[in-house]
Number of protein chains: 2
Amino acid sequence: MKIDPRSHVPIYLQIADGIREAVAAGIYSPGESLPSLRVLALDVQVNPNTVQRAYDELARDGLIYSRRGKGLFVAEQGKANALERARKTVRRLFDQGVQAGHSAGMDANDIRAVFQASMSAKEKQ
Amino acid sequence: MKIDPRSHVPIYLQIADGIREAVAAGIYSPGESLPSLRVLALDVQVNPNTVQRAYDELARDGLIYSRRGKGLFVAEQGKANALERARKTVRRLFDQGVQAGHSAGMDANDIRAVFQASMSAKEKQ
DNA sequence: CCTACTGCATTAGCCATCTAATGCAGTAGT
DNA sequence: ACTACTGCATTAGATGGCTAATGCAGTAGG
């Protein structure tokens with residue numbers, strides 16, 4: 001996992017996003033164990049508490065669950081919950097964008113055009 | 001202008017957004033003077049420096065300009081610059097949304113569907 | 001000139017957030 | 001039991017962003 005310590009986005013979020021993507025992509029199967037706090041902490045060169053905070057995020061969203069003394073595991077509905085979570089994030093960002101455009105006087109077609117441009121740019125990657 | 005002091009979004013941004021929308025909507029004409037730092041500060045019950053920071057934002061984006069001792073005025077291309085600025089903001093948010101969806105394994109149609117939902121919800125307001 | 005207004009620069013305090021340090025508590029193999 | 005792992009709770013330090021206090025500098029009218 002790639003972590004940038006001097007990014008404006010917090011480390012624990014970078015970690016959470018990484019795991020979330022992996023779960024959404026099905027890289028981890030339900031019931032499969034995840035790297036322990038200390039192992040992952042050592043891996044990304046950060047304090048175990050920071051990793052824990054990332055796992056907390058994921059547990060709250062139902063992607064994973066934890067067993068004290070045993071470890072961390074992918075939840076049964078982990079993949080589905082990851083997708084649901086992602087969908088909400090996307091929706092929130094789109095709502096913000098639509099709202100911003102509307103406030104500035106852009107009409108529906110203007111906003112749609114920007115969205116199309118964004119989609120096209122993504123495909124070219 | 002409506003300001004919420006205990007919002008997570010900074011006061012200076014709330015002020016800047018309010019003025020930006022007004023300029024984009026053509027409520028202020030080019031060359032027209034804006035409320036002075038202290039007047040607006042008194043109006044929204046905040047320190048003049050906070051208002052200044054809002055005006056700084058707008059000046060950097062070319063919406064307004066300032067003359068020491070005289071006041072603040074809407075730039076000639078203020079409205080156009082406001083629209084351009086808004087377009088970039090919308091684009092940035094859409095890019096983030098598209099990226100998030102893609103990372104989570106959503107395909108183009110999934111993402112489009114969320115966008116449509118967002119647009120529909122906006123129209124119903 | 002002098003007063004009353006302008007915008008602006010400097011400084012400091014406050015506060016939220018992130019990260020780390022440390023120790024406790026549960027599990028399991030030997 | 002003992003050891004070596006687990007996750008977790010508490011606390012503290014550090015950092016950055018936001019807001020305010022204060023004073024300087026420029027403009028214009030009486």
Side-chain angles (χ1 to χ4, degrees), chain A residues 1-20 23 28 30-76 78, chain B residues 1-20 23 28 30-76 78:
Chain A
M1 187 178 312
K2 51 191 183 306
I3 296 297
D4 179 12
R6 30 171 207 169
S7 163
H8 66 286
V9 40
I11 298 174
Y12 80 95
L13 277 184
Q14 296 182 48
I15 298 174
D17 289 343
I19 307 282
R20 183 169 9 241
V23 172
Y28 293 110
E32 193 174 347
S33 70
L34 295 159
S36 78
L37 295 181
R38 290 169 182 81
V39 166
L40 184 50
L42 210 62
D43 179 28
V44 299
Q45 292 293 319
V46 85
N47 190 282
N49 288 335
T50 304
V51 176
Q52 163 119 41
R53 188 160 181 184
Y55 279 142
D56 282 346
E57 284 270 324
L58 303 173
R60 274 195 291 101
D61 292 338
L63 303 210
I64 68 174
Y65 64 91
S66 60
R67 288 291 174 262
R68 191 190 191 104
K70 305 184 72 172
L72 300 136
F73 309 89
V74 177
E76 206 59 41
Chain B
M1 189 179 313
K2 49 194 183 304
I3 298 296
D4 180 10
R6 30 169 211 180
S7 162
H8 66 286
V9 40
I11 297 174
Y12 81 95
L13 278 185
Q14 295 183 48
I15 297 174
D17 288 342
I19 307 283
R20 188 175 359 248
V23 171
Y28 292 109
E32 194 174 346
S33 71
L34 295 159
S36 78
L37 296 181
R38 291 170 183 79
V39 165
L40 185 50
L42 210 62
D43 180 27
V44 298
Q45 291 292 320
V46 85
N47 190 282
N49 287 335
T50 304
V51 176
Q52 165 120 38
R53 188 158 182 186
Y55 279 142
D56 282 344
E57 284 269 324
L58 303 173
R60 273 196 290 103
D61 292 337
L63 303 210
I64 68 174
Y65 64 91
S66 61
R67 288 292 173 263
R68 193 191 189 103
K70 304 184 73 172
L72 300 136
F73 309 90
V74 177
E76 206 59 42

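As the structure is a computational prediction, the values presented were derived from the model and not from experiment. Naming: A, B, ... by sequence-line order, numbering from 1 per chain.
Between Val51(A) and the options Asp56(A), Ile15(A), Ile19(A), Leu72(A), a side-chain contact (heavy atoms from CB on, under 4.5 Å) holds for only Ile15(A).
Under 4.0 angstrom from either OP1 or OP2 of dG7(C) there lies no side-chain N or O belonging to Gln52(B). Side-chain nitrogen and oxygen atoms of Thr50(B) include none within less than 4.0 Å of the OP1 or OP2 phosphate oxygen of dT19(D). A sub-4.0 Å separation between OP1 or OP2 of dA21(C) and a side-chain N or O of Asn47(A) is present.
Across all non-hydrogen atoms, the minimal contact from Ala54(A) to Tyr12(A) is CB-O, 3.3 Å. Taking both residues in full, the closest heavy atoms of Leu40(A) and Pro35(A) are given as CB-CB, 4.0 Å, listed atom of the first, atom of the second, then distance. The nearest pair of heavy atoms linking Tyr28(A) to Val74(A) is CB-CG2, 3.5 Å. A pairwise comparison of heavy atoms in Pro48(A) and Arg38(A) identifies CG-CG, 4.2 Å as the closest pair.
Summarising the geometry, the separation between CG on Leu42(B) and C1' on dC5(C) is reported as 14 Å, rounded to the nearest angstrom. The CD1-P distance, from Ile15(B) to dA20(D), rounds to 9 Å in whole Å. What separates CG of Leu13(A) from P of dT17(C) is a distance of 12 Å, to the nearest Å. Atoms CG (Asn49(A)) and C1' (dG13(D)) sit 13 Å apart, rounded to a whole Å. The CG atom of Leu40(A) sits 16 Å away from the C1' atom of dC8(D) (whole-angstrom rounding). In this structure, Ile3(B) atom CD1 and dA20(D) atom C1' are separated by 16 Å, rounded to whole Å. At whole-Å resolution of the value, CD in Gln14(A) and C1' in dT19(C) are 13 Å apart. Atom CZ in Arg6(B) sits about 17 Å away from atom C1' in dC15(C), given to the nearest Å.
Closest approach to the Pro10(B) side chain among dA20(C), dC18(D), dT6(C) is made by dC18(D) (side chain taken as heavy atoms from C-beta onward). Ranking dT22(D), dA20(C), dC18(C) by closeness to the Arg53(A) side chain, first place goes to dC18(C). Out of dG7(C), dT10(C), dC18(C), the shortest distance to the side chain of Arg38(B) is found at dG7(C). Nearest nucleotide to the Leu37(B) side chain, out of dT19(D), dC18(C), dC8(C): dC8(C).
Within the 3.5 Å criterion, the main-chain N or O of Asp4(B) finds a donor-acceptor partner in the side chain of Gln14(B).
Using a 4.0 Å heavy-atom cutoff across all strands shown, Tyr12(B) reaches sugar-phosphate atoms only and no base atom. Within the 4.0 angstrom heavy-atom criterion, no nucleotide atom of any strand lies near Val51(A).
Applying a 4.0 Å cut-off to non-hydrogen atoms, the residues of residues 56-72 of chain A that approach DNA chain D are Ser66(A), Arg67(A), Arg68(A), Gly69(A), Lys70(A), Gly71(A), Leu72(A), listed by residue number.
Atoms CZ and OG1, from Arg53(A) and Thr50(A) in turn, are 8.5 Å apart once rounded to the nearest 0.5 Å.
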